[in-house]
Number of protein chains: 2
Amino acid sequence: MKLLIIEDSVSLRRSLRIGLENLGFTIDETGDGAEGLSMAMTGEYELIILDIMLPSIDGITLLQTIRAKQLDVRVLILSAKQEPEDRVKGLLTGADDYLTKPFSFDELHARLLNLMRRGGLKTISDVIYIDNLALNLQLKLLQVDETVIDLTPNEYKIVECLFSNQNKVITAEKLSTYIAGQYDLVSKNSIEAHLSSARKKVRAAGSELPIQTKRGFGYIIQGK
Amino acid sequence: MKLLIIEDSVSLRRSLRIGLENLGFTIDETGDGAEGLSMAMTGEYELIILDIMLPSIDGITLLQTIRAKQLDVRVLILSAKQEPEDRVKGLLTGADDYLTKPFSFDELHARLLNLMRRGGLKTISDVIYIDNLALNLQLKLLQVDETVIDLTPNEYKIVECLFSNQNKVITAEKLSTYIAGQYDLVSKNSIEAHLSSARKKVRAAGSELPIQTKRGFGYIIQGK
DNA sequence: AGGTTCACTTAAGATTTACTGAAGTTTTTC
DNA sequence: GAAAAACTTCAGTAAATCTTAAGTGAACCT
């Protein structure tokens, strides 16, 4: 069982490492956000203990990136901030648990065990993050930060198809098949209308759908 | 055997602590609801002695939260209120026993021993709480506060399936399989009819089933 | 066996919500 | 600057879902 600790403070990091190693975990650690991210992306950790305040990349962004890449790893957030907004936001973007500093080591231990136990269950995964948009495949809805954008089934399906095919041009025919199945079809104009409506809704929520039109070919979402 | 005392009054807390420590229990204590909750959530306590009137989070809410998280812990409610409503409500939401102030220490001791003895048995567990609804998986019934709502088997199964799959959209086909098994099937319209009836019954009891329709996809219960 | 009850299904009407296609507008391309 | 492609809007139409009520059959009781 391999754990990754991403924590700014050297002393806290050390004491966590020692404590958890004594409990039988294998630990890697770093104090840098970017390094933490690249370590996390190797996929070799079952659980990450993650601080929010970090140099180079903050914890929430790191978490969003991990979740966007669909890594199956549990994340326990550690934070000095006690603002409830942060708590909610952290959990929303896919953390499995949350602990506010200061905390007792026993409490951390108990929560770790708890996370281990419910290991098989995916918690808040199955969300695709692009920019400040989150497409929740479980709930079938799109969020801008915390606000939910209400999409009709076809609007949702178009967005889902493009979100899960980033960096690929998707033709209108593909979208049509995606929406209606192999034996029905939806006109190109219909798709244009749905997409127009979806874009409008996202705009009304203060954001932008990152879907670009490739004139003559189809639509695409360009990853960063 | 570790006990947690969550009690507003410092003097009562102290005297309980001393008395119970003399009887051989290990005690943690707090006077604050929110702190009590986070302590309880560590899962390290076998029994919680819980006051109703508390700063920041009241005892009933705390208890509901603990039960919603499926923690296996016994809870003994302590309350100055003598209104029978509170008594019933406290017990309903998952307390294992109830004591009204003032009480003798011997009486508390006796009740504690009693709770310890029936330790192995899960008492009022296997109940899913959502809003003011309690779905009892053992007794196969749904309660609004104190009143029992009489659901037919299929109505119950639909509600059970959705209650135990919070935050997931459940399709009509899934519900059909859940009701009838893999080799039989129940028409979509039938499910609509059952659900309609269940909703009506809950409405008649003065509440609302928290089941939303995701048009084009299925049904969902959104957790907070 | 006959009668009663209860729950499940089905159907039909009401209601809500979404889809489509057309027409006008804007943008892009050559 | 004209033509093509894509965007936008809207109104009519079409689905999906809700609700109610009536029909059917199984289980239970007497």
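Every chain is numbered from 1, with letters handed out A, B, ... down the list of sequences.
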Trace of the side chain to side chain contact (heavy atoms under 4.5 Å, CB included) decision for Leu78(B) with Ile49(B) | CA-CA 7 Å; Leu78(B) 233 49; Ile49(B) 297 175; 3.5 Å; yes
Axis deviation across the helix from dA1(C)-dT30(D) to dC30(C)-dG1(D), five-pair ends, to the nearest 10° =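 Roughly 40° between the end axes, to the nearest 10°.
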For [X] and [Y], indicate whether the former's side chain and the latter's backbone hold a donor-acceptor pair under 3.5 Å.
X: Asn136(A); Y: Gln138(A); result: yes
X: Thr147(A); Y: Gln143(A); result: no
X: Thr30(A); Y: Ile6(A); result: no

[X] [atom1] to [N] [atom2]: how many Å, rounded?
X: Leu195(A); N: dG21(C); atom1: CG; atom2: P; answer: 17 Å
X: Ile211(A); N: dC7(D); atom1: CD1; atom2: P; answer: 10 Å
X: Tyr219(A); N: dT28(C); atom1: OH; atom2: C1'; answer: 14 Å
X: Lys214(B); N: dC18(D); atom1: NZ; atom2: P; answer: 14 Å
X: Lys140(B); N: dA7(C); atom1: NZ; atom2: C1'; answer: 18 Å
X: Phe217(A); N: dT28(C); atom1: CZ; atom2: P; answer: 16 Å
X: Gln212(B); N: dC18(D); atom1: CD; atom2: P; answer: 12 Å
X: Lys188(A); N: dA5(D); atom1: NZ; atom2: C1'; answer: 7 Å

Given salt bridge (charged side-chain N to carboxylate O under 4.0 Å, His left out), test Lys2(A) with Glu46(A) step by step and report yes or no.
-> CA-CA 6 Å; Lys2(A) 225 168 159 185; Glu46(A) 279 196 64; over 6 Å; no
Is the NZ atom of Lys174(A) crowded by more than 12 outside heavy atoms at less than 6.0 Å?
->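 At most 12 heavy atoms, drawn from other residues, nucleotides or ligands, come within 6.0 Å of this atom.
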Of Lys201(A), Lys200(A), Lys140(A), which is the lone residue that meets salt bridge (charged side-chain N to carboxylate O under 4.0 Å, His left out) with Glu155(A)?
->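 Considering Lys201(A), Lys200(A), Lys140(A), a salt bridge (charged side-chain N to carboxylate O under 4.0 Å, His left out) with Glu155(A) is found only for Lys201(A).
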Sugar-phosphate means primed atoms, P, OP1 and OP2; the rest is base. With that split, encode nucleotides 8-17 of chain C 5' to 3' as B, S or - using protein heavy atoms under 4.0 Å.
-> SBBBB---BB
Return each pair, listed once, that meets ring pair (Phe, Tyr, Trp, His ring centres under 6.0 Å) where at least one residue sits in residues 151-179 of chain A; pairs must be two or more places apart or across chains.
-> Tyr156(A)-Phe217(B)
Phosphate oxygens OP1/OP2 of dA7(C): is one of them under 4.0 Å from a side-chain N or O of Tyr156(B)?
->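 For dA7(C), OP1/OP2 do not have a side-chain N/O of Tyr156(B) under 4.0 Å.
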Taking only N and O in the side chain of Thr213(A), is any of them less than 4.0 Å away from OP1 or OP2 of dC7(D)?
-> yes
Tell me, which of residues 196-204 of chain A have any heavy atom that sits under 4.0 Å from an atom in DNA chain D?
->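 The stretch gives Ser196(A), Arg199(A), Lys200(A), Arg203(A) as the residues lying under 4.0 Å from the strand, ordered by number.
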Inter- and intrachain pairs under salt bridge (charged side-chain N to carboxylate O under 4.0 Å, His left out), touching residues 205-222 of chain B, at least two apart = Arg203(B)-Glu208(B)
By side chain to side chain contact (heavy atoms under 4.5 Å, CB included), which residues pair with Ala193(B), not counting sequence neighbours?
-> none
I would like to know whether Arg199(A) and Ile211(A) meet side chain to side chain contact (heavy atoms under 4.5 Å, CB included); could you show each step before the answer?
-> CA-CA 9 Å; Arg199(A) 280 169 165 157; Ile211(A) 298 171; 4.0 Å; yes
